[in-house]
Amino acid sequence: MANERYNAPEREPHWQKVWEEEKVFCASNEDDRPKCYVLEMFPYPSGRIHVGHSRNYTMGDVFARYKRAKGFNVLHPMGWDAFGMPAENAAMERKTHPGAWTYENIAAMREQLKSMGFSIDWDREFATCDVSYYKHQQQLFLDFLDKGIAYRKSSKVNWDPVDHTVLANEQVIDGRGWRSGALVEQKELTQWFFKITDYAEELLEGLSSLDKWPEKVRLMQANWIGRSQGVSIRWALSKGSAPKGHRELEVFTTRPDTLFGASFLAVAADHPLAKAAAESNPALAAFCDECRQMGTTALEIENAEKKGFDTGIRVVHPFDSSQELPVWVANFVLMEYGTGAIFACPSGDQRDLDFARKYDLPVVPVVLPKGADEATFEIGDEAVSASGTMINSGFLNGMSTEEAFEAAASKLEALKLQGKPVGVRATNYRLRDWGISRQRYWGCPIPIIHCKACGVVPVPSCDLPVALPQDVTFDKPGNPLDHHPTWKSVDCPSCGKPAVRETDTMDTFVDSSWYFARFTNPHADVPLDAKAAGYWLPVDQYIGGIEHAILHLLYSRFFFRAMADSGHAAAGGSNLREPFGALFTQGMVTHEAYFISKPDGTQVWIEPDKVRVEGEGRNRKAFLLDSGEEVQIGGVEKMSKSKKNVVDLNDFIRQYGADTARWFVLSDSPPERDVLYTDVGVEGARRFVQRAWRLVDEISDKAVKKGTKKPASFGDEAFELRRATHKALYNVGRNIEALRFNVAVAGLYEFTNVLSQAQKNTDCEGMGWALREALELFVQMIGPMMPHLAEECWARLGYNTLLVNQPWPSVDSALLVDDEVTIAVQVNGKRRGELKIAKSASKEEIEAAALSLEAVGRVLDGRTVKKVIVVPLRIVNVVA
RNA sequence: GCGGACGUGGUGGAAUCGGUAGACACAAGGGACUUAAAAUCCCUCGGAGGAAACUCCAUGCGGGUUCAAGUCCCGCCGUCCGCACCA
């Protein structure tokens, strides 16, 4: 039996079959054990799983298997984020149906995940494109509508004037449609929104309770919500300059203290005042049109050249009625934020300053920074936003910025315009409402009917689902639901007359905002089974990419609250508001990418397994395997289909087995950081799988039989092995618990080194028993990470039970304590020696021992010791 | 542009609370075993100096706090992620 290689590709399917037959991983909603809900962000079924994807599921699986061994009732489900654009693109390119393409991908990917041996409860699997899932989503929409959480308003989209279709931001390349190449326009459409802004304060406050979330994610969300305290100020329009029907302009500011430095107001191109002024001013109208040509993303707006146009409208300064300021239209002012209008203080804001310099508007310094001299202080090319002392500011002069804020705000509240206060203290949020309408086929239909007589009519619940039609074509641009000959024709549920269905579908972020709740009972005939959700939620450990830090996670936090507030609360009286108790954001798997540059400048990416790499450093060159043609080395990037730098999971498993893949993605790199895929790294993992098998296989013959009584005493080596075993167990458990898999892996490497040394001393008293203990615990420790190999080893150790059903072994803490400790001795902060001393040694004893060290005396060289710092168990520092 | 992170040997990284920097692994070099190879096992391995003991330098760069800084603070540089219709 000994010296046989472990044949992973052959043995792994065997154990997977056993687990499946025994239904080991099916979670019960009725169980006395404490519950643990482990979830990895579910995948988009893009086609095939590559090694990059597998990392996140492996981490979740190790945690889930560990928790199961620790005695928890574990829920570890899997599903598919199955709606979205790639399916429609595939439909256009390959003439397949998006549904057919999606379900084929799901079938392939499910098999891939199964071949990784993940401990998933497949009975709970669903795809968001299943009618049985999205019909409940439609019910949720109706309930949101009822509660006022869903509403309609006008909003802008990227419009391709040639294809007559709405484009996603990623479909707009350099301001042009990706297929047509036409200049993209902005178009106003009436669309559906969720009132996430109603929850802004709660979502912000809730962050402080999420102490098991990464600090950076909470910070990013807090900044995204962007609460700011300020004053909303109404400016009176000067008579004669105001368009008909307009008498005032409302502006939100966080800096009322700088009001005396205001030199102009600026409004968005879509601001009602701008539109009104443009009616009688063709040049202004043209400028506003130009602003609308600009991209819709924050990136484009920020990077665009700052431009403006004077509307001719003038406003009266609230603190000085003799002063009038011009109102401009500026391309950097957003209608969606605040009131769509700002007042500009160029001395204190860089963007305002650039604008003022460009259009020759006044710049009045109003804040004198600490240490500056008022007589010589000037604003050059850089605005000064720091706080300081107020100058040139009338009644605010001499105050600090903070005092001036209060004084100005109070005065604005006291002043009256048309009988109402000029200013009101207000809290503003950067967060905008969530636009969910998409003009696409492959999404959840919005259950609404538009009737000429009755207006917007919700589809009655009893008529759900509104299912997508199957017979659609993608041969012309635009939304196939809109083109469909019959689908949208329907009788109005209210008056019975012919009406039309809403043809917009929902943003796929809606689908992923509640799937985790649905997993608690995916077969319930209501969206949320309150009892099951009350039992399982919140998710105890959520794992996913950092790229979801804001949108998906914020939307889900909102959606969960919105569900509760529209009658879909999780039971248990817990009033649960946060769906994810702990969050972990893992890094990605990266791989070198290779490409060939075509004469037209485009790059054709090449799969790494078709490339041979030669040389080192700067001389590294890559060639095509079949033709020998040289290819460019394109740097290390995240594994992605578009760059083709993926390693297919099937190929990998066929060659190395799932356990090698699992071990590789867990090794070396800290899980929150990116890991570089390299062949040599994989070789290392493969070697360890064999080494672990060999150790167990060989040593099990030297160890005592299972169940042998523990000897009364152990020889030194046997005792040391036992200590090492329990230290390893303690560390591996702690590191899995903390998701520090790379450290757990290192600990296991270290332990195998100890084990292979110890087995040489079989003469030592009690060694046979210590080896048996070491092997059994070792196998249990690798169990969560390499479950197939561990089962194989468990059987080799003589068991006919399943390792996966064994409880996690307990640490003998008596074996963890050292009675001696080595501490470093420093002189003036530099290490000069070390000291082995009893753990119980007093400070005085440690100090005396340190000072008597030969190396310390030599370095001191007769100098007097000024001070000795003793940190027991850690360090001694002699200061001379 | 705005917001957030990260930066340690030839390489991936470890250092849990401010307390011996480089655990563990990979690569490389040397040796054992073998007819030979693979596999496996053993040794060396941050840089400079030195026969050695040992000394000096070293955690992206420049400052600071501290008895003590990879770790804390300030300022740079570089890389990565997000920016609301990719998921």
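Within every chain, numbering begins at 1; the chains are lettered A, B, ... in the order of the sequence lines, protein sequences first and strands thereafter. The structure displayed is predicted, hence computed values, not measured ones.
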When you compare the side chains of A/S180 and A/D160, does any donor N or O come within less than 3.5 Å of an acceptor on the partner? yes
Per A/R832 side chain, nearest of listed nucleotides B/A25, B/U55, B/G12: B/U55
Nearest listed nucleotide, side chain of A/I875, among B/C81, B/U40, B/G19: B/G19
Of the candidates B/C85, B/G13, B/C83, the side chain of A/L551 sits closest to B/C83
Among B/A84, B/C86, B/A14, which nucleotide sits nearest the side chain of A/M85? B/C86
Among the nucleotides B/A25, B/C85, B/U40, whichever has the atom closest to the side chain of A/Y749 is B/A25
Within the 4.0 Å heavy-atom criterion, would you say A/E834 contacts the bases, only the backbone, or no part of the nucleic acid? base
What's A/N753 touching, base or sugar-phosphate or nothing? Going by heavy atoms closer than 4.0 Å. sugar-phosphate
Whole-Å P distance, B/G60 and B/C6: 13 Å
Distance-only donor-acceptor test (3.5 Å): side chain A/R673, base B/C6: no
Assigned glycosidic conformation for B/G9 [threshold 90° from 0]: syn
Does B/C17 adopt a syn or an anti glycosidic conformation, taking syn as a chi angle within 90° of 0? syn
Describe the nucleic acid contact of A/R740 in one word from base, sugar-phosphate, nothing, applying a heavy-atom distance below 4.0 Å. sugar-phosphate
Indicate whether any N or O donor in one side chain lies under 3.5 Å from an N or O acceptor in the other, for A/W159 and A/Q186. no
For A/P670 and A/V871, find the nucleotide of RNA chain B closest to each by heavy atoms; which residue's nucleotide sits nearer the 5' end? A/P670
Which nucleotide wins on minimum distance to the side chain of A/K830, given the candidates B/C57, B/C86, B/A23? B/C57
Reckon A/N89 has a side-chain N or O less than 4.0 Å from the OP1 or OP2 of B/C86? no
State whether the distance check finds a donor on one side and an acceptor on the other, under 3.5 Å, for side chain A/Q191 versus base B/C85. yes
Using distance alone, with no hydrogens and no angle criterion, decide if A/Q586 and A/E40 have a side-chain donor and acceptor under 3.5 Å apart. no
Picking from B/G13, B/U20, B/A5, which would you name as closest to the side chain of A/L219? B/A5
For A/S512, report the nucleic acid contact type (base, sugar-phosphate, nothing); a contact means any heavy atom under 4.0 Å. nothing
Rounded to the nearest Å, what distance is computed from the CD atom of residue A/Q586 to the C1' atom of nucleotide B/C81? 13 Å
Under 3.5 Å for both donor-acceptor distances, Watson-Crick or wobble: does B/C85 have a partner, and if so which one? none
Need one value for A/Q439: base, sugar-phosphate or nothing, where a base atom within 4.0 Å counts as base even if backbone is also close, heavy atoms only. base
Where each residue is assigned the nucleotide of RNA chain B containing its nearest heavy atom, which of A/V743 and A/W434 is assigned the position nearer the 5′ end? A/V743
Closest to the side chain of A/R858, out of B/C54, B/C41, B/U20, is B/C54
Applying a 4.0 Å non-hydrogen cut-off, can you work out what A/F509 is touching in the nucleic acid: base, sugar-phosphate, or nothing? base
No-hydrogen, no-angle side-chain donor-acceptor test under 3.5 Å, A/Q221 and A/W213: no
Which part of the nucleic acid, if any, lies within contact of A/L431, taking any heavy atom under 4.0 Å across all strands shown: a base, the sugar-phosphate backbone alone, or nothing? base
Any N or O donor-acceptor pair linking the side chain of A/R734 to the base of B/U16 at under 3.5 Å? yes
With A/V876, the side-chain contact (heavy atoms from CB on, under 4.5 Å) member among A/I846, A/I869, A/L851: A/I846
Which part of the nucleic acid does A/S756 contact within heavy-atom distance under 4.0 Å: base, sugar-phosphate only, or nothing? nothing
Nearest to side-chain heavy atoms of A/N742, which nucleotide of B/G4, B/A14, B/A23: B/A14
Picking from B/U20, B/C41, B/A87, which would you name as closest to the side chain of A/T822? B/U20
In whole angstroms, how far is the C1' atom of B/C81 from the NE2 atom of A/H548? 12 Å
A/T752 and A/F688, any side-chain heavy atoms less than 4.5 Å apart: yes
Any donor-acceptor N or O pair under 3.5 Å, side chains A/E188, A/S154: yes
